[in-house]
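Input: a single structure, listed below in structure tokens.
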2 protein chains.
Amino acid sequence: MFQSYTIKDIAKALNLSTSTVSRALNGSHEIGSETKKLVLEYAEKINYRPNPIALSLKEQKSHSIGVVVCEVANNYFSQAINGIESIAYNSGYHVIITQTHESAERELANVQHLLSRQVDGLLVSLSAQTVDTSVYEQLHSKGFPIVFFDRVAQHIPTHRVVVNNFDAAFKATESLIKSGFKRIAHLTSTSNLMISQERFKGFKAALEKHGLDFPETYFRQCNHGGVLKDEIEQAVEGWMNLPSPPDAILSTNDRLTTGCVPILKRLGYKIPDDVALAGFTNSDVAELFDPPLTVVRQPAFQMGQMATELLVKTIESKKAVETYTTEVLETELICRESSVHA
Amino acid sequence: MFQSYTIKDIAKALNLSTSTVSRALNGSHEIGSETKKLVLEYAEKINYRPNPIALSLKEQKSHSIGVVVCEVANNYFSQAINGIESIAYNSGYHVIITQTHESAERELANVQHLLSRQVDGLLVSLSAQTVDTSVYEQLHSKGFPIVFFDRVAQHIPTHRVVVNNFDAAFKATESLIKSGFKRIAHLTSTSNLMISQERFKGFKAALEKHGLDFPETYFRQCNHGGVLKDEIEQAVEGWMNLPSPPDAILSTNDRLTTGCVPILKRLGYKIPDDVALAGFTNSDVAELFDPPLTVVRQPAFQMGQMATELLVKTIESKKAVETYTTEVLETELICRESSVHA
DNA sequence: ATGAAAGCGCTAACAG
DNA sequence: CTGTTAGCGCTTTCAT
């Protein structure tokens with residue numbers, strides 16, 4: 001380890017006791033101002049840094065927060081992580097990121113790993129495969145700070161940061177309808193996720209408002225949230241081989257949206273002429289696609305920030321937090337050619 | 001903090017001393033097999049987990065490694081981080097990620113933050129603005145484990161993981177030439193970075209091999225590595241207003257490559273008819289662009305893995321490491337329409 | 001106003 | 001084979 005000075009070194013050098021030094025460093029007012037000055041100056045001179053590990057052991061706090069997401073290499077999450085880091089950093093916490101790759105097993109392992117690392121709190125976005133959220137329930141009931149963002153656990157009353165998923169899907173669907181599409185398919189992740197359910201509800205509501213049918217065959221879920229290309233391919237192929245194939249697709253996550261495009265192309269379908277596409281994604285380059293993609297964009301960075309602020313507040317609150325907020329942010333619908341007849 | 005059992009609890013429950021318990025837990029052979037079994041079983045039963053913070057304090061090791069990159073929301077780096085995590089996780093290290101946003105100042109602050117966090121080693125990819133690498137030099141000379149990847153510090157003899165940048169740029173440039181482009185511009189990051197220099201050398205070598213000119217006006221650097229859109233815009237606009245504008249561009253990093261496209265489009269230039277484009281990027285969706293992009297892809301995931309392996313090995317080696325390796329991986333050139341005359 | 005000492009959880013001499 | 005003890009760096013009573 002990279003050796004640095006300790007409080008003991010200072011004490012020895014200045015012929016003081018460690019406790020005096022400690023107090024001086026912490027600005028206690030029961031220390032003579034001369035002594036204090038002496039200590040502070042010397043500490044400055046040797047560039048003294050308190051050992052955070054020793055502090056953690058003492059305080060029973062690790063000053064770190066654990067993050068559970070499906071994937072870092074995902075536009076939404078990398079942006080959210082950015083927001084998380086920005087707040088965590090300024091609040092004196094460091095961030096340990098773990099990836100589930102959409103596996104519930106992996107998620108549980110990650111949580112346990114983070115707990116054994118003594119994280120002070122958890123920032124989690126569930127995996128697509130997660131059904132059993134009892135770990136979180138238990139932790140939460142024991143007073144352990146958890147904040148969910150985006151993919152929240154349904155029945156656990158923690159702080160949450162989400163977007164208005166219903167509205168987001170509603171808007172996107174309505175825009176497809178207004179562009180003249182009538183047979184709209186719905187490509188989504190597992191219905192384990194509340195966001196999937198809500199986005200589907202918004203979608204359905206838009207169809208209903210405009211008196212459109214929704215045959216069951218137009219609904220397809222990808223159990224791995226689009227991590228596996230096969231699942232997307234099967235969905236798309238299944239649709240296009242239908243007697244009456246859809247003329248548009250609404251996809252409800254990053255992976256699915258960007259994953260759809262190459263598959264449609266490879267199968268020889270033109271977007272939007274053969275089938276239109278609109279979907280959730282935080283990709284910065286969706287406008288560069290051929291055709292430019294109509295997208296629903298979430299305020300990922302801000303969501304990361306808010307979630308972290310809430311978590312830090314919970315961690316640092318003296319008394320048990322009793323009331324939990326659910327922050328609901330708005331999304332942005334950006335219409336481009338993929339959803340407009342040429 | 002989420003309270004868990006300690007070695008003391010076990011000792012008390014079993015009427016043993018803490019040291020006996022400790023030894024039993026660590027499988028010492030100087031412990032009676034009965035006692036050992038007893039301890040192990042009880043520990044299992046109460047789901048005992050050693051406190052990593054106490055361990056760290058004792059061992060003077062934090063079991064964490066610090067990562068310094070410019071940006072997480074960058075295809076190359078998010079993939080590299082994936083590789084880093086995979087190895088770190090399996091080796092019992094956790095990863096603290098920091099972002100420089102291409103600022104040298106920020107980089108220094110990050111390094112200091114990581115050091116004060118007592119990381120056991122550093123995995124770094126320099127920021128585009130970094131000129132002064134003396135922090136690393138000092139650390140390295142004191143025996144602190146550092147591995148550079150991708151953007152390495154020139155004169156510090158640490159382990160390194162890079163790609164064959166010369167060759168990568170050479171191949172890409174030659175492919176442009178073979179497609180008939182003759183006036184090829186070079187869009188790059190600051191020349192502080194060795195990768196910029198090497199990629200430029202490869203570029204020049206290809207031009208020379210084919211007897212092509214390279215007017216100085218065709219060389220443009222972005223001091224913020226493309227983080228600021230303006231810098232790219234200025235470069236591109238400058239070129240296109242030249243009496244003899246380039247007919248192709250080679251861009252040498254992720255941000256620059258994907259940043260070029262919308263600017264060219266907005267200015268009304270068709271790719272590749274008005275100007276062709278080939279560039280370094282690890283984007284997964286470059287083939288979906290309009291037009292599909294010709295790219296140089298680095299084995300980011302693998303680079304992250306190798307760098308982490310080297311770092312862990314360095315951290316854990318008993319004796320000071322004396323010989324350092326530079327791992328050089330190959331890139332992949334994927335030719336698509338952006339660099340081929342229609 | 002300052003020092004001595006205990007203790008956070010764990011390991012490792014040292015003693016038996 | 002097992003227990004006692006000191007110590008990692010720091011804070012915090014409790015004395016003085």
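Just so it is clear: chains get the letters A, B, ... in the order the sequence lines come, proteins before strands, and each one is counted from 1. Only this structure's heavy atoms are used, side chains among them; waters, hydrogens and symmetry mates stay out.
In this structure, A/Tyr5 places its OH atom 14 Å from P of D/dC10, rounding to the nearest Å. In this entry the distance linking CG of A/Leu25 with P of C/dT2 reads 14 Å, nearest Å. Rounded to whole Å, atom P of C/dA1 lies 17 Å from atom NZ of A/Lys37. Here D/dC8 presents its P atom at 16 Å from CG of A/Leu55, a figure rounded to the nearest Å. Atom pair B/Ile31:CD1 and D/dT2:P shows a separation of 5 Å (rounding to whole Å applied). Remark: P of D/dT12 and CG of A/Leu57 are 13 Å apart, rounded to the nearest angstrom. Taking atom CD1 on B/Ile53 and atom P on D/dG7, their separation rounds to 23 Å, with Å as the unit. Here the C1' atom of nucleotide D/dT2 and the CD1 atom of B/Ile7 are 14 Å apart, to the nearest Å.
Between A/Lys8 and B/Ser28, it is B/Ser28 whose nearest contact on DNA chain D lies nearer the 5' terminus.
Between atom OG of residue A/Ser64 and atom CG of residue A/Leu114 there is a gap of 8.5 Å, rounded to the nearest 0.5 Å. Here the straight-line distance linking atom OH of A/Tyr136 with atom CZ of A/Phe144 works out to 11.0 Å at 0.5 Å rounding.
Each end of the helix from C/dA1-D/dT16 to C/dG16-D/dC1 gets its own axis from five base pairs, and the two axes differ in direction by 60°, given to 10 degrees.
For the side chain to side chain donor-acceptor pair (under 3.5 Å) test, no residue two or more places apart in sequence or in another chain qualifies with B/Ser116.
Side-chain N/O atoms of A/Tyr48 include one lying less than 4.0 angstrom from OP1 or OP2 on D/dC10. Here B/Lys36 does not reach the OP1 or OP2 of D/dC1: none of its side-chain N or O atoms lies under 4.0 Å away. The shortest distance between the side-chain N/O atoms of A/Gln60 and the OP1/OP2 oxygens of C/dG9 is below 4.0 Å. Look at A/Thr6 and you won't find any side-chain N or O under 4.0 angstrom from OP1 or OP2 of D/dG9.
Of the candidates A/Leu123, A/Leu311, A/Leu139, A/Thr314, A/Leu139 is the only one forming a side-chain contact (heavy atoms from CB on, under 4.5 Å) with A/Ile146.
For A/Tyr89 and B/His113, the ring centers are positioned less than 6.0 Å apart.
Counted by atom type alone, B/Ser28 and B/Asn26 present zero donor-acceptor pairs between their side chains at under 3.5 Å.
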Protein and nucleotides 12-16 of chain C: nitrogen or oxygen contacts under 3.5 angstrom:
residue : atom : partner : partner atom : Å
C/dA13  : N6   : B/Arg23 : NH1          : 3.2

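Heavy-atom contacts from other residues, nucleotides or ligands closer than 6.0 Å to NZ of A/Lys36 number more than 12. Within a 6.0 Å sphere centred on CD of B/Glu105, other residues, nucleotides and ligands contribute 12 heavy atoms or fewer.
Using a cut-off of 4.0 Å between Lys/Arg side-chain N and Asp/Glu carboxylate O, A/Glu102 and A/Arg151 are scored as salt-bridged.
Residue-level contact check: A/Ser56 touches neither bases nor backbone, having no heavy atom under 4.0 Å from any strand.
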